[in-house]
Amino acid sequence: MARRLDRCRRVRHRHATVMATPRVIVLGGGLSGMAAAYALAQAGWDRVTIVERGPELGGLAGTFETDGHFYPLAYHHILQRDRGLLFFLDRIGALPDVRWRKISMLFQLKGRLFDLADPVDFLRFPMSLADKLRFVRLMLRCFGKSDWADWNERSAAELVDTWGGPEVRRAIFDPLMRLKFNRPCEEVSGAWLGARLHFREGSAPLGYIPGGNWTKVLCDGVTRLLDDASVQVKLGTSARHLGIQDDRVTRVDLDDGESLEADLVISTVPTEVYQQLLTAARPDLDHVRYTAVVSAILATKQRVTPTFYWMNLASLDCTASGMFMLNALNPTIGAPGDTCLNIMTHVPTRHDTFFHQSDDQILAGYRADFHRVFGFELKPFWTQVNRLGMYAPVFHRGYENPPLRDAVLTNVYCAGNYRTFPSIASTGTALASGVDAGAAILADHGGTSDLPAAIDGYRLASMPRG
Ligand SMILES: Cc1cc2nc3c(=O)[nH]c(=O)nc-3n(C[C@H](O)[C@H](O)[C@H](O)COP(=O)(O)OP(=O)(O)OC[C@H]3O[C@@H](n4cnc5c(N)ncnc54)[C@H](O)[C@@H]3O)c2cc1C
């Protein structure tokens, strides 16, 4: 009898322990928020709520539908070194479906197109042979170096000049940095550029999942994991204000009038949004400045040649920074026979006038770019213009990730692609940063998570082509 009572007490105690897990509010339901919630739920925390402004989870990796087909908000490909992404694709059972393709990346310069991975084009490229050899040396050095912390204080210009030389910078990297950040190489972080080249986006095979848009497969799969773990999700409502007592956030006020009590908060919204929620100046976050993206996805029945996946538009007179032929990577995207293009512009900030132009004005600029490059008029039969106001921080020289544990509020943890420097801002690094925030909370409450180590040690077993 005594033993039975004891067992009952133990069961009650276990139940009480589970019931007593802190109430965690995750601000933002992009991939970093989803991964943070998953890390906690996986450890048995059962009072985790995600608050997401959009109609579904996914954020920048979200999807839209046209005529029964799904498309990303802007081009998305799977990187072979993006361990956080590969780990989660594996966990949701989608990794065996991933197919890998060598893509063609073109560089449009002074009215001509160059594929720098093609030996003939490489020789044609307007740069001396000695500089071409230095360019190859730069790329090989970057491919082989995975830890870029020693370049944090140095610029992209120094990096390129050291291993490539000033002519390589002027011909290739100055235009690319202008396209990406609208800044010269001197102001961009050398650590960021080195890490970016290490990921071999332009030269290694890129992945996709046949049958549609892979970011939808990812977001749907992680949403299922959250569902199975009973994570609460509040969609279509924004966090409006954070109620603070002493040095803790105790309440999250939503714009639908509801207030959620919080023991712990994970902020995965952009730092500029987080500061607005605090309604207090936070000089420690002021250095994080977001760039914006305007992205037009469109479909046409026209054949576009040459075939390419990625084209950098390096001429100063173009409206767009890049064009992507989405079905050159994923032949199954959209309806059979369609050519699906993403024409996009990196904009320095969402306050830039271009960001606020009408769809018609933006598309007129993109059609002019298309005509200049391909010599005929683009005739899309549908177009969707997406404005992504806070895409990624400018990774300037000396950029520092804001701390994982908020510097002022003792119960707030931070995740998101403003914390992934010097690595690239990708789906996988967002997922990994969410996992890190969840793991930090567990560690601070006497628990552990095996997810960070599992992601860190994750290796691809095979890369089926297709
Ligand atoms: C143009 C472009 C191309 C890309 N290409 C690739 C690629 O090829 N491969 C790759 O791996 N990655 C790519 N990425 C990067 C990847 O999509 C992002 O790094 C990742 O999705 C970021 O996730 P996150 O959760 O950190 O941020 P977000 O996705 O920005 O999540 C933040 C969430 O917070 C929500 N939110 C904001 N304010 C509030 C509020 N007040 N209350 C509640 N919710 C709020 C937002 O709606 C959003 O869902 C690309 C991104 C872009 C924009």
Side-chain angles (χ1 to χ4, degrees), residues 25-37 49-63 72-86 88-89 103 180 196 199 201 206-208 213-215 218-219 222 233-242 252-256 260 265-278 290-297 309-310 321-322 324 326 329-330 342-347 386-393 414-420 423-435 437:
I25 308 296
V26 180
L27 305 174
L31 291 173
S32 48
M34 295 164 84
T49 304
I50 298 177
V51 177
E52 167 54 41
R53 181 183 60 182
E56 53 197 0
L57 296 175
L60 293 173
T63 297
L73 302 178
Y75 70 91
H76 268 76
H77 41 257
I78 301 171
L79 293 163
Q80 63 168 3
R81 290 183 167 171
D82 205 4
R83 290 183 200 150
L85 171 60
L86 301 172
F88 270 94
L89 286 172
I103 55 106
K180 177 83 181 166
R196 179 94 200 227
F199 270 81
E201 229 173 346
L206 301 179
Y208 72 100
N213 168 30
W214 69 266
T215 62
L218 173 68
C219 293
V222 181
V233 179
K234 288 191 163 292
L235 294 174
T237 181
S238 297
R240 182 176 49 79
H241 176 256
L242 300 180
V252 177
D253 299 330
L254 308 184
D255 66 359
D256 62 7
L260 304 175
V265 170
I266 303 178
S267 175
T268 75
V269 295
T271 50
E272 293 181 29
V273 175
Y274 177 56
Q275 283 179 279
Q276 285 159 13
L277 299 179
L278 293 173
Y290 284 82
T291 60
V293 160
V294 174
S295 160
I297 306 277
Y309 170 61
W310 184 329
S321 321
F324 295 79
L326 300 184
L329 173 63
N330 176 359
N342 177 206
I343 308 183
M344 50 83 66
T345 309
H346 288 282
V347 187
N386 301 309
R387 290 175 183 74
L388 309 173
M390 286 181 251
Y391 156 48
C414 302
N417 62 19
Y418 58 92
R419 291 208 66 258
T420 60
S423 195
I424 55 168
S426 71
T427 49
T429 54
L431 287 160
S433 95
V435 161

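All ligand and atom numbering here is 1-based and tracks the order in the structure. Residue numbers run from 1 in the order of the sequence given. Please read all numbers here as calculations on a predicted model, not as lab measurements.
With a 4.0 Å cut-off on non-hydrogen atoms, N417 touches ligand 1 through its backbone as well as its side chain. If you look at L57 next to ligand 1, there are no close heavy atoms at all, none under 4.0 Å. The part of A430 lying near ligand 1 is the side chain, judged by heavy-atom distances below 4.0 Å.
Between S295 and N342, the side chains place a donor N or O and an acceptor N or O closer than 3.5 Å (distance only, hydrogens not considered). In this model, no donor atom of one side chain and acceptor atom of the other lie less than 3.5 Å apart for T429 and D82.
Scanning the protein for heavy atoms near atom 8 (O) of ligand 1, the closest one is H77 N, 2.8 Å. Annotation: atom 5 (N) of ligand 1 to nearest protein heavy atom, Y75 O, 3.1 Å. Remark: minimum distance from atom 50 (C) of ligand 1 to any protein heavy atom is reached at H76 NE2, 3.3 Å. In this structure, atom 24 (P) of ligand 1 lies nearest to the protein heavy atom S32 OG, 3.3 Å. In terms of protein heavy-atom proximity, atom 52 (C) of ligand 1 is nearest to Y391 CE1, 3.2 Å. With hydrogens left out, the protein atom closest to atom 47 (O) of ligand 1 is E52 OE2, 2.7 Å, a heavy atom. Annotation: atom 41 (N) of ligand 1 to nearest protein heavy atom, A239 O, 3.1 Å. Of the protein's non-hydrogen atoms, the one nearest atom 10 (C) of ligand 1 is T427 N, 3.4 Å.
Interface of G30 with ligand 1, defined as ligand atoms under 4.0 Å from a residue heavy atom, comprises 25 (O), 29 (O), 31 (O), 33 (C), 49 (O). Of all atoms in ligand 1, numbered sequentially from 1 with element shown, those under 4.0 Å from a heavy atom of D82 are 11 (O).
Compare A61, A74, A425 by their heavy atoms: the one nearest to atom 15 (C) of ligand 1 is in A425.
With hydrogens and angles ignored, the 3.5 Å screen pairs a side-chain donor or acceptor of H76 with a backbone N or O of A74.
For ligand 1, the polar-atom distance check finds an N/O of L60 within less than 3.5 Å of one of the ligand's N/O atoms. Annotation: L31 places an N or O atom under 3.5 Å from an N or O atom of ligand 1; distance criterion only.
Ligand 1 lies nowhere less than 4.0 angstrom from a heavy atom belonging to L27. Heavy atoms of L79 come nearer than 4.0 angstrom to ligand 1 in no pair at all.
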Practice problem: Please step through ring pair (Phe, Tyr, Trp, His ring centres under 6.0 Å) for the pair Y309 and H77, ending with a clear verdict. | Solution: CA-CA 10 Å; Y309 170 61; H77 41 257; 5.6 Å; yes
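W310 and F324 have tilted rings, their planes meeting at an angle from 30° to 60° on a 0 to 90° scale.
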